[in-house]
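Sequence lines set the chain letters: A, B, ... in the order given, protein chains first and strands last, and positions in each chain run from 1. Hydrogens, waters and symmetry mates play no part in the numbers below; they use all other heavy atoms, side chains included.
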Number of protein chains: 2
Amino acid sequence: MIHSSMIKKNLDTSILLSIYETSVLLLKQNIAFVSKRGLTNQQWVILIHLAKDPNLPYFIRETHHKPIMANELADSLGVTRANVTNLIKTLLQKKLVLQIEDKEDRRKKRLKLTKKGEKLVQEIQPERISSNASMLKGLSKKEKQEFLSYLQRCSNNIMDMKS
Amino acid sequence: MIHSSMIKKNLDTSILLSIYETSVLLLKQNIAFVSKRGLTNQQWVILIHLAKDPNLPYFIRETHHKPIMANELADSLGVTRANVTNLIKTLLQKKLVLQIEDKEDRRKKRLKLTKKGEKLVQEIQPERISSNASMLKGLSKKEKQEFLSYLQRCSNNIMDMKS
DNA sequence: AAAAACAGTTAATAATATTAACTATTTTAA
DNA sequence: TTAAAATAGTTAATATTATTAACTGTTTTT
C-alpha cells in the first residue's frame with residue numbers, strides 16, 4: 001500500500017477541480033495579456049460583450065438584437081449591477097465606451113464601443129486568437145467540439161441547480 | 001444576413017470563454033456550499049489539500065509524501081505566500097488546522113488537519129460528492145474521462161506558456 | 001392613481017489579495 | 001569555511017475588487 005487518503009478518487013471531483021485550476025491559470029494569463037493594454041480582466045470581458053463576440057456563452061445561449069445594457073452585463077458576468085456601473089465608469093473615462101439612452105424605455109442605457117474601443121478590440125484580436133490556439137494545441141477539431149459540448153452541459157447542469 | 005460581429009466565431013475562443021463561465025458558476029455554487037459551514041472557498045481548498053484529496057490536480061501531477069506546507073499551498077492555489085499565511089491564521093483560530101515545525105529544516109512548517117478539521121471534511125464529503133455528480137449528470141464515464149483529459153491538456157499548455 | 005418593479009447610481013464598506021520589508025534558517029559558492 | 005544568496009514564513013500597509021443598502025427616475029401592474 002502506497003498511501004491512503006481520507007478522500008477517495010472520484011472522477012466528477014477530479015473534473016471540477018480541474019475546471020477550477022484551468023480557470024485560475026487562464027485568468028492569470030489573461031490578466032497579464034490585457035494589463036499590457038491598461039485593462040483589467042473584467043473591463044476586457046465587457047468590451048468583448050459590446051463587440052458582440054459570438055463566442056461568449058451569453059450570446060451562444062440566446063441572440064441579442066439591441067445593444068447590451070449594464071443589467072445584462074451584470075447577469076452575464078455574474079456580478080452586481082453596482083459593480084458593472086463602476087467598471088463602465090472607468091471605460092467611459094478611457095473613451096472606450098458610449099452610453100446611449102433608450103428612447104423606448106428611458107430607464108435603460110444601451111452601451112456601445114467608441115471608434116477607439118472598436119480599434120482596441122480589433123488590434124488585440126490577432127494576438128488573442130493565437131494565444132487561445134496555443135492553449136488548446138494538440139487537440140483535434142473533433143476533440144475541441146466534444147470539449148465545448150461537455151463544458152456547456154456542465155454549465156447548464158449548474159444553472160439548473162440554482163432553482 | 002442575420003447579424004455581423006466584429007469578431008468571428010472561433011472554436012478555441014468559445015472553449016476558453018466557456019471554461020471561464022463554468023468556473024464562475026462553479027465557484028458561486030461552492031461559495032454557497034461551504035459558507036453554510038462558515039468557510040470561504042479558499043479555506044475549503046486548503047482543507048482538502050491537507051486531507052490529501054487525490055482529485056486535486058496538484059496531487060495528480062506529483063505525489064507528495066510529507067505533510068504540505070504554506071509555500072506549496074501558495075503554489076497550488078496560485079496566490080502569494082503572504083495570502084496563505086492569513087488563510088491559515090484563520091483556520092488555526094478555528095482549530096481546524098495544526099502547524100508542526102519540520103525538524104529537518106527549521107524554516108518549514110508542516111500543516112495538518114486537527115481531529116475537528118478531519119471531522120468537518122468527512123461530514124462535508126457525502127453532500128460534496130452528490131453535488132459534484134449533479135453538476136456532471138448526463139455525461140457517460142467515457143465522456144467524463146475525455147473531459148478530464150482535455151482539461152489537463154489545456155492546463156499543461158497554459159503552464160508551458162509561462163516560460 | 002397608487003403600488004410595485006425595474007435600471008441605474010452612489011456611498012460606505014467588506015473581502016480578498018498584493019507588495020515590501022523583516023526574521024530565521026539553510027544552501028551555495030568564492 | 002565563512003560570506004552571500006536563497007528559502008520559508010510573517011507582518012503591516014495598502015490595493016483591488018466586489019458587495020450592500022439607500023436613493024432617483026421611469027415604467028408596469030393592479
**Q** Whole angstroms only, please: what is the CD1-P distance between I31(A) and dA15(D)?
**A**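 Going from I31(A) (CD1) to dA15(D) (P), I get 18 Å.
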**Q** Q42(B) side chain N/O closer than 4.0 Å to the phosphate oxygens (OP1, OP2) of dA17(C)?
**A**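 It does, given that an N or O in the side chain of Q42(B) lies less than 4.0 Å from OP1 or OP2 of dA17(C).
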**Q** Can you name the salt bridge (charged side-chain N to carboxylate O under 4.0 Å, His left out) partners of K109(A), sequence neighbours left out?
**A**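 Counting only residues at least two positions away or on another chain, K109(A) forms no salt bridge (charged side-chain N to carboxylate O under 4.0 Å, His left out).
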**Q** Nearest-nucleotide wise, let me know which of K109(A) and V84(B) is further upstream toward the 5' end of DNA chain C.
**A** K109(A)
**Q** If we ignore angles and hydrogens, is there a donor and acceptor under 3.5 Å between the side chains of N41(B) and Y20(A)?
**A**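 Yes, a side-chain donor-acceptor pair sits under 3.5 Å.
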**Q** If only side-chain N and O atoms of T80(B) are considered, is one of them under 4.0 Å from the OP1 or OP2 phosphate oxygen of dT18(C)?
**A**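 For dT18(C), OP1/OP2 do have a side-chain N/O of T80(B) under 4.0 Å.
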**Q** Out of dT10(C), dA17(C), dT16(C), which has the shortest distance to the side chain of T40(B)?
**A**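 Of the options given, the side chain of T40(B) lies nearest dT16(C).
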**Q** Using a heavy-atom cut-off of 4.0 Å across all strands, would you classify N71(B) as base, sugar-phosphate, or nothing?
**A** sugar-phosphate
**Q** If you define the side chain from C-beta out and look only at heavy atoms, does anything of L77(A) sit under 4.5 Å from Q42(A)?
**A** yes
**Q** Which nucleotide in the list dT26(D), dA8(D), dT9(C) gets nearest to the side chain of Q99(A)?
**A** dT9(C)
**Q** Which part of the nucleic acid does A82(A) contact within heavy-atom distance under 4.0 Å: base, sugar-phosphate only, or nothing?
**A** base
**Q** Using only heavy-atom distances, decide whether a donor-acceptor pair under 3.5 angstrom links the side-chain of R106(B) to the base of dT25(C).
**A** no
**Q** Between dG9(D), dA17(C), dG8(C), spot the one nearest the side chain of A70(B), thanks.
**A** dG9(D)
**Q** Output the rounded distance in Å from CG (N83(B)) to C1' (dA15(D)).
**A**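 Atom-to-atom, N83(B) to dA15(D), this comes out as 13 Å.
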**Q** It should be established whether K108(A) places a side-chain nitrogen or oxygen under 4.0 Å from OP1 or OP2 of nucleotide dT27(D).
**A**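 No, no such contact exists.
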**Q** Measure CG/L39(A) against P/dT17(D) and give the value in whole Å, please.
**A**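 From L39(A) CG to dT17(D) P: 12 Å.
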**Q** Would you say the side chain of R81(A) and the base of dG8(C) hold a donor-acceptor pair, judged only by whether the two atoms sit under 3.5 Å apart?
**A** yes
**Q** Of the nucleotides dA7(C), dT10(D), dT19(D), which one has an atom closest to the side chain of R107(A)?
**A**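 It is dA7(C).
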**Q** How many whole angstroms separate atom CD1 of I46(A) from atom C1' of dT17(D)?
**A**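 Value for this atom pair: 13 Å.
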**Q** Do the side-chain N or O atoms of K89(B) get closer than 4.0 angstrom to the phosphate oxygens (OP1, OP2) of dG9(D)?
**A**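 Answer is no, no contact under 4.0 Å.
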**Q** The side chain of D105(B) lies closest to which of these nucleotides: dT19(D), dT18(C), dT26(C)?
**A** dT26(C)
**Q** Can you check whether N157(A) reaches S134(B) side chain to side chain, under 4.5 Å on heavy atoms?
**A** no
**Q** To the closest 0.5 Å, what do you measure between CZ (R153(B)) and CD1 (I158(B))?
**A**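 Atom-to-atom, R153(B):CZ and I158(B):CD1 are 14.0 Å apart.
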